[in-house]
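This report refers to the structure that appears directly beneath it.
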Amino acid sequence: MSTRNIPILLTTIFAVMVTTSAQAATIKGKAIYEGTVPKLRPIKMDADPICLTKHADPVSPDFLVLGEGNTLANVFVRVISGVPKKAYPAPAEAAVLDQQGCLYHPHVMGVMVNQPIDILNPDGTLHNVHAVAEVNDEFNIAMPKFRKKITRTFDKPEVMVKMKCDVHPWMNGFIAVMEHPYFDVSETTGEFSIENLPAGMYEVEAWHEKLGTQKVKVSLTEGGTEELTFTFSKPQN
Ligand SMILES: [Cu+2]
């Protein structure tokens, strides 16, 4: 009987685990308005004297909000491709849409699918919150002066859900309902920032309600920051 010695090679593999978590990358930048700034008439709130009393000065329309040096507010910036496919849980913390002074604050906002949205009415007047959703369920809710808060969620991604008040026709806003957290809205300084992205190739979209949509591709390295500038000008028509 020949004994077959099966050589057993004990190979000890020392896997060098790189335990430092992959360093997150950042996309940040600015939105700028280029061109002649249109002269915008103040909003006429005369239809509701209570709205009028909330403002000492004339109120500019909120569809074009510029900062010093024509920086552009209310640009919704989001990653539209390259985001790792997985479930991104919604924050438990509610986003807030305030109707103070008969205007939506913020005018443009992003929430995640199923994130609660507290809609506030501190004005002591009637607002009618109307979400003109197409993918999500539309809702249309009267908020008399005693109804200070309602909470709603959107259960599907949708960019944008237009918000309007059926009592005050100048009240308009937009809510982006996102399936991931990689979005931001530009401040009056034009600045936005999207953090905690893994390294990779992405496409980023910047949207403004009157000035259109722009897209750009970016490549992010681990721990890196890419700076983007979105320059919007008045559409020719
Ligand atoms: Cu209203």
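Here, residue 1 is the first one in the sequence, and each next residue gets the next number. Bear in mind that the values here come from a model prediction, so they are computed numbers and not experimental data. Numbering of ligands and ligand atoms starts at 1, following listing order.
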Original post:
Which residues and atoms, counting only protein N, O or S, are under 2.8 Å from the Cu ion (ligand 1)?
Top reply: His127 ND1, Cys165 SG, His168 ND1, Met171 SD
Original post:
Do the side-chain sulfurs (SG) of Cys51 and Cys102 come closer than 2.5 Å?
Top reply: yes
Original post:
With Asn136, which of Ile175, Asp155, Thr153 fulfils side-chain contact (heavy atoms from CB on, under 4.5 Å)?
Top reply: Asp155
Original post:
Do His105 and Gln99 have a side chain donor and acceptor closer than 3.5 Å?
Top reply: no
Original post:
Do Ser193 and Asp184 have side-chain N/O donor and acceptor atoms under 3.5 Å apart?
Top reply: no
**OP:** Go through the steps to decide whether His208 and Leu72 satisfy the test side chain to side chain contact (heavy atoms under 4.5 Å, CB included), and finish with yes or no.
**Re:** CA-CA 9 Å; His208 185 273; Leu72 181 60; 3.8 Å; yes
Subject >> Glu205/Arg78 salt bridge by N-O under 4.0 Å criterion >> reply: yes
